[in-house]
Amino acid sequence: MTSYDDVGLVVERREPAADGVLVLTLRHPSGAELPGWEPGAHIDLVLGPELERQYSLCGDPADRDRWRIAVLRETDGRGGSAYVHERVRPGDRVRARGPRNHFRLEPAGRYRFVAGGIGITPVLPMLAAAEAAGADWTLLYGGRTRASMAFTGELARYGKRVTLVPEDEAGLLDLAPVLDGLPEGALVYCCGPGPLLDAVEERCPAGALRVERFRPRERDTGVDRAFEVVLARSGRTLTVAPDVSVLDAVRGAGVEVLHSCAEGTCGTCETEVLEGEPDHRDSVLTEAERAAGETMLICVSRCRGRRLVLDL
């Protein structure tokens with residue numbers, strides 16, 4: 001993963017994409033190429049101490065000179081979007097890390113894309129990739145109002161493949177025509193608010209759905225208890241108390257680990273598990289990845305047994 005913590009990236013352009021949605025175009029200050037990325041990737045913007053946020057790349061992966069992100073102004077957010085909207089201007093430098101991708105577009109002959117609100121951002125480059133591959137695809141895209149829906153002008157070129165559903169005009173998304181009778185082998189990609197993702201999960205056949213969540217999934221975790229974590233590289237053994245995360249325990253022992261959201265949604269702290277069974281509580285790993293137990297998100301996940309051995 002590339003880090004631009006020190007040099008920073010220059011904000012080349014700042015422009016509105018919809019009501020409350022701001023698009024930033026970023027470039028390297030020297031004009032150097034930026035790391036390549038694939039549809040579904042995101043970057044971390046380090047906006048200040050304890051103010052680090054993830055934003056999906058929504059430009060053209062073939063453009064190695066620029067990255068494009070879109071930021072929704074969230075009135076009940078934690079300060080990241082307000083910082084971008086109020087303080088970031090063209091010519092400013094912003095610290096960035098990435099790109100990283102936990103929402104990759106897998107090869108398929110048929111795709112059904114469902115996006116809600118700012119969830120269109122990771123989906124946008126997926127559409128171009130699906131179109132270029134000659135795949136059969138459609139997009140169902142909902143938002144509060146037509147004016148709040150970003151990139152509708154860019155989507156217009158796809159014609160009838162795209163269905164726009166402003167809630168104030170047509171109500172909530174009707175998922176049945178898209179998901180019922182899903183063709184064999186089709187993959188469904190969905191990004192947006194939690195209730196939309198939950199509704200799509202309920203209707204999708206097992207194995208067909210790929211999602212990205214901006215908010216952590218609610219899980220019934222029961223009563224937490226203490227367990228041991230062995231740091232394989234140093235041989236140290238730590239006790240993780242019931243009210244302490246693995247991440248905090250590790251950092252408290254003086255071991256620095258890359259981390260960001262602390263909610264199990266960004267994947268920054270994904271760590272290899274050498275022994276033991278993780279109690280997965282993240283919103284990133286697929287069910288197959290959880291079952292394999294080869295990695296875990298140490299900011300939220302815990303241990304099903306008494307001991308974990310991690311590659312730290």
Side-chain angles (χ1 to χ4, degrees), residues 15-18 21-26 34 36-43 54-72 98-144 146-167 170 173-175 177-179 182-183 185-193 196-197 199-201 203-204 208-214 286:
E15 52 198 345
V21 179
L22 188 65
V23 171
L24 299 183
T25 302
L26 310 174
L34 297 173
W37 59 280
E38 297 177 351
H42 70 266
I43 61 172
Q54 292 72 46
Y55 298 106
S56 297
L57 291 166
C58 56
D60 180 0
D63 184 356
R64 296 292 297 274
D65 296 326
R66 294 169 183 83
W67 283 343
R68 185 175 74 160
I69 61 172
V71 181
L72 170 67
R100 242 189 340 270
N101 200 340
H102 288 278
F103 193 42
R104 296 184 185 279
L105 185 66
E106 301 172 22
R110 297 181 177 88
Y111 298 101
R112 299 296 178 257
F113 298 101
V114 182
I118 199 62
I120 189 62
T121 51
V123 171
L124 195 62
M126 292 183 177
L127 306 183
E131 182 79 356
D136 169 15
W137 67 268
T138 62
L139 167 66
L140 181 64
Y141 175 25
R144 292 180 292 102
R146 193 174 295 272
S148 74
M149 298 170 68
F151 304 116
T152 54
E154 295 183 25
L155 292 170
R157 69 188 179 100
Y158 295 121
K160 293 183 179 180
R161 288 181 182 266
V162 174
T163 302
L164 303 180
V165 185
E167 186 178 346
L173 294 179
D174 183 4
L175 299 174
V178 176
L179 302 180
L182 195 67
L187 294 180
V188 178
Y189 279 79
C190 181
C191 186
L196 171 62
L197 271 62
V200 171
E201 282 185 336
R203 299 193 81 108
C204 258
L209 180 61
R210 309 290 185 269
V211 302
E212 182 168 64
R213 291 181 178 268
F214 295 138
T286 65

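Sequential numbering from 1 along the given sequence is applied to the chain's residues.
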For this session: Write down the atom of Ala18, the atom of Ala147, and the distance for their closest heavy-atom approach.
Result: CB-O, 3.3 Å
For this session: Output, in order, the C-alpha distance, side-chain angles, deciding distance and verdict of side-chain contact (heavy atoms from CB on, under 4.5 Å) for Val200 and Val211.
Result: CA-CA 9 Å; Val200 171; Val211 302; 5.7 Å; no
Exercise. Which pair of non-hydrogen atoms, one from Glu212 and one from Ser56, has the smallest distance, and what is that distance?
Worked result: OE1-OG, 3.6 Å
Exercise. Hey, does Tyr189 have a side-chain heavy atom less than 4.5 Å from the side chain of Leu105?
Worked result: yes
Exercise. With no hydrogens and no angle check, is any side-chain donor or acceptor of Arg68 less than 3.5 Å from a backbone partner on Thr25?
Worked result: no
Seminar exercise, completed: Nearest heavy-atom approach of Gly116 to Pro193 is O-CD, 3.6 Å
Exercise. Partners of Arg157 by salt bridge (Lys or Arg N to Asp or Glu O under 4.0 Å), sequence neighbours excluded?
Worked result: none
Residues 129-141 side chain polar contacts: donor-acceptor under 3.5 Å, at least two apart:
residue: Glu131; atom: OE1; partner: Trp137; partner atom: NE1; Å: 2.8
residue: Asp136; atom: OD2; partner: Arg112; partner atom: NH2; Å: 3.4
residue: Tyr141; atom: OH; partner: Ala150; partner atom: N; Å: 2.9
residue: Tyr141; atom: OH; partner: Ala150; partner atom: O; Å: 3.1

Exercise. Which value, rounded to the nearest 0.5 Å, describes the distance between Glu106 atom CD and Met126 atom CE?
Worked result: 9.5 Å
Exercise. Could you state the interatomic distance from OG1 (Thr121) to CD1 (Ile69), rounded to the nearest 0.5 Å?
Worked result: 9.5 Å
Seminar exercise, completed: Taking every heavy atom of Pro99 against every heavy atom of Gly36, the minimum-distance pair comes out as CG-O, 3.6 Å
For this session: Would you check, one step at a time, whether the test side-chain contact (heavy atoms from CB on, under 4.5 Å) holds for Val123 with Phe151?
Result: CA-CA 11 Å; Val123 171; Phe151 304 116; over 6 Å; no
Problem set entry | Nearest-0.5 Å distance, CZ of residue Phe103 to CD of residue Glu38 | 14.0 Å
Exercise. With sequence neighbours excluded, what pairs up with Arg110 under the side-chain hydrogen bond (donor to acceptor under 3.5 Å, both in side chains) test?
Worked result: none
Exercise. If you measure from CG on Leu196 to SG on Cys190, what distance do you get to the nearest 0.5 Å?
Worked result: 4.0 Å
Exercise. Is there side-chain contact between Ile43 and Leu26, with heavy atoms separated by less than 4.5 Å?
Worked result: yes
Exercise. Between Leu34 and Asp65, is a side-chain contact (heavy atoms from CB on, under 4.5 Å) present by the stated rule, with each step listed?
Worked result: CA-CA 6 Å; Leu34 297 173; Asp65 296 326; over 6 Å; no
For this session: Determine whether Leu209 and Glu201 make a side-chain contact, defined as any pair of heavy atoms from C-beta on separated by less than 4.5 Å.
Result: yes
For this session: Drop me the distance from Arg213's CZ to His102's NE2, to the nearest 0.5 angstrom.
Result: 15.5 Å
Seminar exercise, completed: CG (Leu124) and SG (Cys191) are apart, to the nearest 0.5 Å, by 12.0 Å
Problem set entry | side-chain contact (heavy atoms from CB on, under 4.5 Å) between Leu164 and Arg146, worked out | CA-CA 8 Å; Leu164 303 180; Arg146 193 174 295 272; 4.1 Å; yes
For this session: Please report the closest heavy-atom contact between Ile118 and Pro122, naming both atoms and the distance.
Result: O-CD, 4.3 Å
For this session: Quick one: list whatever passes side-chain hydrogen bond (donor to acceptor under 3.5 Å, both in side chains) with Arg64, sequence neighbours left out.
Result: none
Problem set entry | Residues that Glu15 engages under side-chain hydrogen bond (donor to acceptor under 3.5 Å, both in side chains), provided they are two or more places apart | none
Exercise. Mind checking what makes ring pair (Phe, Tyr, Trp, His ring centres under 6.0 Å) contact with Tyr55, not counting sequence neighbours?
Worked result: none
For this session: Quick one: closest heavy-atom pair of Leu179 and Cys204, and the distance?
Result: CD2-SG, 4.1 Å
Problem set entry | Main-chain N/O of Leu127 paired to Tyr111 side chain as donor or acceptor, under 3.5 Å | no
